Structure formats: C-alpha cells, structure tokens
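In this text, all values refer to a predicted model and were calculated from it rather than measured experimentally.
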Amino acid sequence: SGDYYLGQLYRKVFKRYPELLKPKLFELLDDEKGRHSWIDLLSTGYPQEQGEEEPMYMLIPIDEWFLWLDKATANDRAYALAMMFSYASGSEASSEMLRLLDGYWCDEVRDAISCRFHSYSWTGTGIPLYKNRIAICEDFVSRLTNLEAKEWFKKDIPHWENEIEKELLHKAHEKAIYD
C-alpha cells in the first residue's frame with residue numbers, strides 16, 4: 001500500500017479487469033494478515049492523478065460491497081468497510097456509511113468509526129475541525145435509524161464541544177500571559 005507505483009498500477013489493472021480481480025481482492029480483505037494494507041490502498045485516492053481522486057474502493061459498486069458483506073460469517077467484513085468507506089463529505093454523512101451503520105452496527109464497526117473519527121492531525125486551531133465533527137455527528141443522528149449507532153453519535157457531540165472549550169480556554173490563557 002505504501003508504494004506509489006504499485007498503487008498506480010493496481011488502479012489501472014483493476015479498472016481494466018475488475019471481474020477478474022474482484023474475487024481475489026475480496027479474498028485478500030478476508031485475510032487478517034494483509035487486510036489493513038488492502039484497506040489502506042482501497043480507502044485512499046492514492047495515487048492522486050487527474051480524474052482518479054476518488055478512493056479505489058469506489059471502483060466496485062457499493063451494492064457489490066454489501067453483497068460481499070452479506071455473505072460474512074463474522075464482523076470482519078463490516079469492520080473492513082467501516083475502515084474503508086468515507087464517513088462524510090464535508091459536514092454530511094456519506095450514504096454508504098449510513099447504510100453500513102444502520103444495517104451492520106456492531107462493536108467492530110463502532111471501533112473502526114471511532115478510530116477514524118478521532119484520529120487526526122492539524123496545525124493551527126482545531127476549532128474548525130471540531131465544529132465539523134459536531135456537524136457530522138448531528139447529521140448522522142438526524143439520518144440514522146439504528147438506535148445504538150444514533151446514540152453513539154449523540155454521545156460523541158459533547159466530546160467535540162469539550163475540545164472546543166479546552167482550546168478556547170488555552171487561547172485565553174495564552175493571551176493573558178503574552179499580551
């Protein structure tokens with residue numbers, strides 16, 4: 001997944017021969033040892049070329065991902081999709097993640113979304129990021145039908161509000177010291 005040329009080649013070959021490669025890809029995603037490398041490759045727009053910015057998982061229709069998931073005997077496939085699918089576009093919940101959370105909510109899916117949603121880095125103020133996370137949570141709450149998933153997002157909003165409050169207090173403290 002870390003090799004630019006391998007990613008570029010895989011995208012080109014997969015676009016040309018999707019029916020030939022899909023069964024092997026699904027098999028590789030079922031293999032615990034290499035699963036995360038394939039998730040990383042498929043979940044990014046890597047390699048970033050003109051017209052190929054969408055994540056590679058989008059090369060397979062979303063309904064096919066859910067057919068693959070429906071054949072699962074454990075929650076590993078739901079976890080893989082929760083790690084791959086975009087959870088939002090701007091401040092709106094993505095339709096594929098809504099479908100996943102509504103139909104397949106489990107500990108593994110919750111852990112994956114939590115890992116992705118709470119892992120970030122930035123420079124400067126984090127307040128715009130925190131406000132965006134609140135907006136995403138609110139959109140999930142308003143659109144989810146799965147009550148457990150909805151409750152998880154409701155409970156996450158105070159976390160982001162607390163992060164905003166901490167940053168504002170930190171800024172006020174710095175201003176008092178240095179001004």
Side-chain angles (χ1 to χ4, degrees), residues 1-119 133 136-154 156:
S1 68
D3 186 320
Y4 172 82
Y5 297 106
L6 177 62
Q8 189 177 39
L9 177 64
Y10 191 81
R11 180 185 287 271
K12 289 181 187 314
V13 172
F14 194 85
K15 282 174 86 170
R16 187 164 179 134
Y17 305 104
E19 296 309 313
L20 179 66
L21 295 178
K22 265 190 282 188
K24 184 62 177 174
L25 175 62
F26 290 150
E27 182 182 314
L28 290 166
L29 284 167
D30 280 334
D31 179 19
E32 189 176 339
K33 293 178 192 167
R35 179 179 301 128
H36 278 280
S37 293
W38 288 98
I39 288 170
D40 289 345
L41 180 68
L42 293 168
S43 65
T44 64
Y46 174 84
Q48 296 283 334
E49 291 185 5
Q50 188 75 27
E52 296 185 350
E53 294 85 9
E54 68 183 11
M56 279 207 271
Y57 76 81
M58 297 293 288
L59 295 173
I60 297 174
I62 295 300
D63 286 340
E64 289 187 40
W65 283 112
F66 282 100
L67 287 172
W68 174 70
L69 176 57
D70 287 338
K71 296 175 187 169
T73 57
N75 294 327
D76 294 343
R77 291 180 179 182
Y79 169 83
L81 295 183
M83 289 297 289
M84 266 192 299
F85 286 174
S86 298
Y87 56 80
S89 176
S91 61
E92 291 185 10
S94 75
S95 59
E96 62 263 14
M97 189 60 82
L98 280 165
R99 182 176 172 186
L100 180 68
L101 297 178
D102 271 333
Y104 304 90
W105 184 258
C106 60
D107 290 342
E108 291 80 0
V109 168
R110 184 201 63 232
D111 291 347
I113 192 80
S114 180
C115 168
R116 294 182 61 217
F117 207 57
H118 294 115
S119 297
R133 292 294 202 266
I136 293 169
C137 285
E138 289 171 344
D139 194 45
F140 273 113
V141 168
S142 71
R143 296 172 61 196
L144 281 167
T145 59
N146 182 296
L147 297 178
E148 287 182 53
K150 185 181 281 217
E151 190 61 30
W152 186 88
F153 282 98
K154 273 186 195 174
D156 209 40

Which residue pairs pass the salt bridge (charged side-chain N to carboxylate O under 4.0 Å, His left out) test with at least one member in residues 16-27, sequence neighbours excluded?
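Sorted result for residues 16-27: E19-K22, K22-E64, K24-E27.
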Applying salt bridge (charged side-chain N to carboxylate O under 4.0 Å, His left out), which residue pairs with at least one partner in residues 77-96 are found, sequence neighbours left out?
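Residue pairs passing salt bridge (charged side-chain N to carboxylate O under 4.0 Å, His left out), neighbours aside: D30-R77.
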Taking the side chain from [X] and the backbone from [Y], do they hold a donor-acceptor pair closer than 3.5 Å?
| X | Y | result |
| --- | --- | --- |
| S94 | S86 | yes |
| N75 | E108 | no |
| S114 | R110 | no |
| N146 | A149 | yes |

Taking the side chain as every heavy atom from C-beta outward, state whether [X] and [Y] have any pair of such atoms under 4.5 Å apart.
| X | Y | value |
| --- | --- | --- |
| T145 | L98 | no |
| L59 | L42 | no |
| I62 | R99 | yes |
| L101 | F153 | yes |
| Y57 | L81 | no |

Could you tell me how the ring of W68 sits relative to the ring of F26: parallel (under 30°), tilted (30 to 60°) or perpendicular (over 60°)?
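Correct class here is parallel.
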F85 vs W65 aromatic rings, parallel, tilted or perpendicular, using cut-offs 30° and 60°?
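The arrangement is perpendicular - the two ring planes meet at more than 60°.
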Report yes or no: is the cationic atom of R116 (NZ for Lys, CZ for Arg) under 6.0 Å from the centre of the six-membered ring of Y87, at an angle within 45° of the ring normal?
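Judged by the rule, R116 and Y87 form no cation-pi pair.
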Below 4.0 angstrom, N of the basic side chain to O of the carboxylate: do D31 and R35 qualify?
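The answer is no: the pair does not qualify as a salt bridge.
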Looking only at side chains, do Y79 and D107 share a donor and an acceptor under 3.5 Å apart?
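No, D107 and Y79 have no side-chain donor paired with an acceptor closer than 3.5 Å.
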Could you work out, with side-chain contact (heavy atoms from CB on, under 4.5 Å) as the rule, every residue matching L21, not counting sequence neighbours?
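In terms of side-chain contact (heavy atoms from CB on, under 4.5 Å), with neighbours along the sequence ignored, L21 is linked to V13, F14.
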